[in-house]
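Here's the structure we're looking at; comments come further down.
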Amino acid sequence: MSCSEGLSPFSPPSARAVKLPPPACAGTLSVDQALAERRSVRRYADDPLTLAEVSQLLWAAYGITQPLPGIPELGGGFRAAPSAGALYPLELYLVAGAVTGLEPGIYRYRPGPHDLLDVLAGDRRQWLCHAALGQTMVQDAPASLVYSAVFSRNTAKYGERGRRRYVCMDLGHSAENVYLQCASLGLGTCGIAAFHDDAVRLVTRLPENEEPLYIMPVGRLPQKKGARG
Ligand SMILES: Cc1cc2nc3c(=O)[nH]c(=O)nc-3n(C[C@H](O)[C@H](O)[C@H](O)COP(=O)(O)O)c2cc1C
């Protein structure tokens, strides 16, 4: 089964965008199994990720599940993760090093057209690893998701309460989706919040109005026993 009916029909991809394969809704692991199996994984097999896996992870994180092209403020429609006031303050970047069918580089995810917009060419995993206080899983993983937030999208409506509470609540919902989607795909991830903000900002070329919040390296589970953790 495909979830492509959840993708917005508008927002045509730009010339510098990489179209992602449509996400699937055919996973065989139940939600309760995924919850039971989810763990933070810091070591990965050497294999690359596929573009289909990357597509699935980004869709689970923030993809469109109910297109609403008549309401442009929604950026395409309701998402896989809830958001206070449906304001969707988060942005997602992919720092790709070893993804089959994708040039190494940094990309910004666009939920509406479900594509990746080119930000910077080249394998930047080592830079991101330095920015993340040398946590080697960032360098070893084939790719990392990097979350940032445009706080003003939320604070314009909710003020300080939005800044102190809602944006990070949104992030938690989305990041847990990534954890569970990884469990379902036989992949591993680990949420990382310990990093130098300015360095992550620099590596991922974040615009002025975005603040980095979370890094989630993703890789295939290693074969060896005891490799988790
Ligand atoms: C907000 C947050 C920040 C975290 N930051 C880091 C981090 O910087 N480095 C790391 O190795 N793990 C990090 N973790 C992962 C936790 O260490 C992990 O969730 C915890 O040990 C429980 O293990 P489990 O996720 O396998 O249940 C973070 C988790 C959360 C929720």
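Counting starts at 1 for both ligands and their atoms, in listed order. Because the structure is a prediction, the values reported are computed rather than measured.
- Evaluated for a side-chain contact (heavy atoms from CB on, under 4.5 Å) with Val146, the options Leu128, Val138, Leu206 yield exactly one hit, Leu128.
- Of the N or O atoms in Ala194, one or more lie within a sub-3.5 Å distance of an N or O in ligand 1.
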Discussion item. Before you tell me yes or no, could you show the steps for Tyr214 and Leu171 under side chain to side chain contact (heavy atoms under 4.5 Å, CB included), namely the whole-Å CA-CA distance, both residues' side-chain angles and the distance that decides it to 0.1 Å?
Written reply: CA-CA 8 Å; Tyr214 217 28; Leu171 172 67; 4.0 Å; yes
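- The presence of a protein heavy atom under 4.0 Å from atom 10 (C) of ligand 1 is confirmed.
- At a heavy-atom distance under 4.0 Å, no atom of Ala132 approaches ligand 1.
- Here the protein heavy atom with the shortest distance to atom 13 (C) of ligand 1 is Gly191 O, 2.9 Å.
- Side-chain atoms of Arg220 do not come within 3.5 Å of backbone N or O of Asp47 as any donor-acceptor pair.
- Distance check for atom 20 (C) of ligand 1: every protein heavy atom is found at 4.0 Å or beyond.
- For atom 23 (O) of ligand 1, the closest heavy atom belonging to the protein is Ser40 OG, 4.1 Å.
- With respect to the salt-bridge test (charged N to carboxylate O, under 4.0 angstrom), the residues Glu160 and Arg165 do not qualify.
- In this structure, Arg79 is positioned above the aromatic face of Tyr88, its NZ or CZ under 6.0 Å from the six-membered ring centre and within 45° of the axis.
- With hydrogens and angles disregarded, a donor-acceptor distance shorter than 3.5 Å links the side chain of Gln135 to the backbone of Ala194.
- For ligand 1, the polar-atom distance check against Ala193 finds a nitrogen or oxygen pair separated by under 3.5 Å.
- Of the protein's non-hydrogen atoms, Tyr214 OH, 3.3 Å is the one closest to atom 30 (C) of ligand 1.
- Ligand 1 does not have Phe195 within reach: every non-hydrogen atom of the residue lies 4.0 Å or more from it.
- The number of heavy-atom neighbours closer than 6.0 Å to CD of Gln33, taken from other residues, nucleotides and ligands shown, is above 12.
- Every N/O-N/O distance between Met137 and ligand 1 stays at or above 3.5 Å.
- Counting only distance, with no hydrogens or angles, the side chain of Arg124 and the backbone of Ala121 share a donor-acceptor pair below 3.5 Å.
- Near Arg38, meaning under 4.0 Å from one of its heavy atoms, ligand 1 places the atoms 24 (P), 25 (O), 27 (O).
- At least one N or O atom of Arg42 sits closer than 3.5 Å to an N or O atom of ligand 1.
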